[in-house]
Amino acid sequence: NGNGTVGMKNIAGLIVLTAGMAALASPAQAFGLSFDWGPTKKCFDSKSPPIKLTKVPNGTAKIRFRMIDLNAPNYQHGGGTVSFDGKTSLPYGAFRYTGPCPPSTHTYQISAEALDAKGKVLAKAQARKRFP
């Protein structure tokens, strides 16, 4: 009857909506990064820390990095851009920037943008860590 058909359409719509929301909310599908300070030394280092990437989008040609001190956001640490060759681990010193030099423990954020060959941003990721 008509009520059964309407009910089935509503169920089908709910399943599609739920599946779509799960795809948007799933962190397993998102571009991500993590980092360790590794051999980074306070105030004497201009080499980037070791960085690990996950779920780098298809079509990524370069990755642009930037670091900010969340306790002193006006201080310019800068960052760098590296060509993406499929490797998801960047070693210590993959690019140069102004390293951490806080008067006390500060929290730093490294952000990354995956760029295609034309420079279009495909995805963004970020991670935070305290130093020292």
Side-chain angles (χ1 to χ4, degrees):
N1 66 25
N3 288 340
T5 304
V6 171
M8 292 303 288
K9 286 181 182 176
N10 287 341
I11 291 171
L14 182 59
I15 291 169
V16 170
L17 179 63
T18 303
M21 288 171 54
L24 290 175
S26 175
Q29 296 177 352
F31 175 43
L33 77 90
S34 62
F35 69 97
D36 289 311
W37 290 114
T40 302
K41 305 222 183 314
K42 182 177 177 179
C43 302
F44 297 101
D45 220 331
S46 61
K47 295 180 179 181
S48 61
I51 298 172
K52 292 186 189 267
L53 305 168
T54 56
K55 304 291 182 182
V56 178
N58 290 337
T60 298
K62 293 183 179 186
I63 301 178
R64 180 171 47 214
F65 295 94
R66 182 169 180 250
M67 186 178 89
I68 61 170
D69 179 340
L70 296 176
N71 299 101
N74 293 327
Y75 186 84
Q76 298 296 314
H77 284 277
T81 302
V82 298
S83 295
F84 181 67
D85 59 4
K87 295 179 184 173
T88 57
S89 291
L90 279 76
Y92 171 71
F95 59 90
R96 293 184 120 16
Y97 74 124
T98 303
C101 191
S104 60
T105 301
H106 280 203
T107 300
Y108 291 86
Q109 178 176 288
I110 293 181
S111 59
E113 293 178 320
L115 308 171
D116 70 8
K118 294 182 180 180
K120 177 184 170 194
V121 176
L122 301 174
K124 296 179 180 182
Q126 64 184 23
R128 295 177 180 182
K129 194 168 286 283
R130 294 173 66 80
F131 185 89

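What's counted below: heavy atoms across the whole structure, side chains too, no hydrogens, waters or symmetry copies.
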Under the side chain to side chain donor-acceptor pair (under 3.5 Å) test, residues paired with Gln109 that sit two or more places apart
Gln126, Arg128
Listing request: all side chain to side chain donor-acceptor pair (under 3.5 Å) pairs with a residue in residues 75-84, at least two apart in sequence or in separate chains.
none
Heavy atoms of other groups near Asp85 CG, more than 12 under 6.0 Å:
yes
Pairs where residues 64-96 contributes a residue and the test disulfide (SG to SG under 2.5 Å) is met, not counting sequence neighbours
none
My understanding is that only residues two or more places apart in sequence, or in another chain, count here; which of them pass side chain to side chain donor-acceptor pair (under 3.5 Å) with Tyr97?
none
Looking at residues at least two apart in the chain, or sitting in another chain, which of them share a side chain to side chain donor-acceptor pair (under 3.5 Å) with Arg64?
Glu113
Sub-4.5 Å side-chain heavy-atom contact between Leu90 and Leu53:
yes
Shortest non-hydrogen separation from Thr60 to Phe84 and the atoms involved
O-CD2, 3.6 Å
Over all atoms of both residues, closest heavy-atom pair of Ala123 and Pro57
CB-CG, 3.6 Å
Check which hydrophobic residues are tied to Leu115 through side-chain heavy-atom contacts below 4.5 Å, counting indirect links as well, and list them.
Val121
Just so I know, are the side chains of Pro132 and Thr105 near enough to count as touching, which here means a heavy-atom distance under 4.5 Å?
yes
Any side-chain heavy atom of Ser48 within less than 4.5 Å of one from Ile110?
no
For Leu33 and Ala125, the nearest pair of non-hydrogen atoms, with its separation, is CD2-O, 3.8 Å
For Ala61, what residues pass the side chain to side chain contact (heavy atoms under 4.5 Å, CB included) criterion, not counting sequence neighbours?
Ala117
Please, which pairs that meet salt bridge (Lys or Arg N to Asp or Glu O under 4.0 Å) have at least one residue in residues 93-105, sequence neighbours excluded?
none
Please enumerate all residues that pass side chain to side chain donor-acceptor pair (under 3.5 Å) together with Asp45, with sequence neighbours excluded.
Tyr92
Run through the side-chain heavy atoms of Ile, Leu, Val, Met, Phe, Trp and Tyr, join any pair under 4.5 Å, and report what else lands in Ile68's cluster.
Leu70
Are there over 12 heavy-atom neighbours, none belonging to Lys129, within less than 6.0 Å of that residue's NZ?
yes
Residues pairing under disulfide (SG to SG under 2.5 Å) where one sits in residues 57-98, two or more places apart or in two chains, turn out to be none
Identify all side-chain donor-acceptor contacts of residues 35-43 below 3.5 Å with residues at least two apart in sequence or on another chain.
unit_1: Trp37; atom_1: NE1; unit_2: Arg130; atom_2: O; d: 2.8
unit_1: Thr40; atom_1: OG1; unit_2: Trp37; atom_2: O; d: 2.6
unit_1: Lys42; atom_1: NZ; unit_2: Pro102; atom_2: O; d: 2.7

Do Ile63 and Phe95 have side-chain heavy atoms sitting under 4.5 Å apart?
no
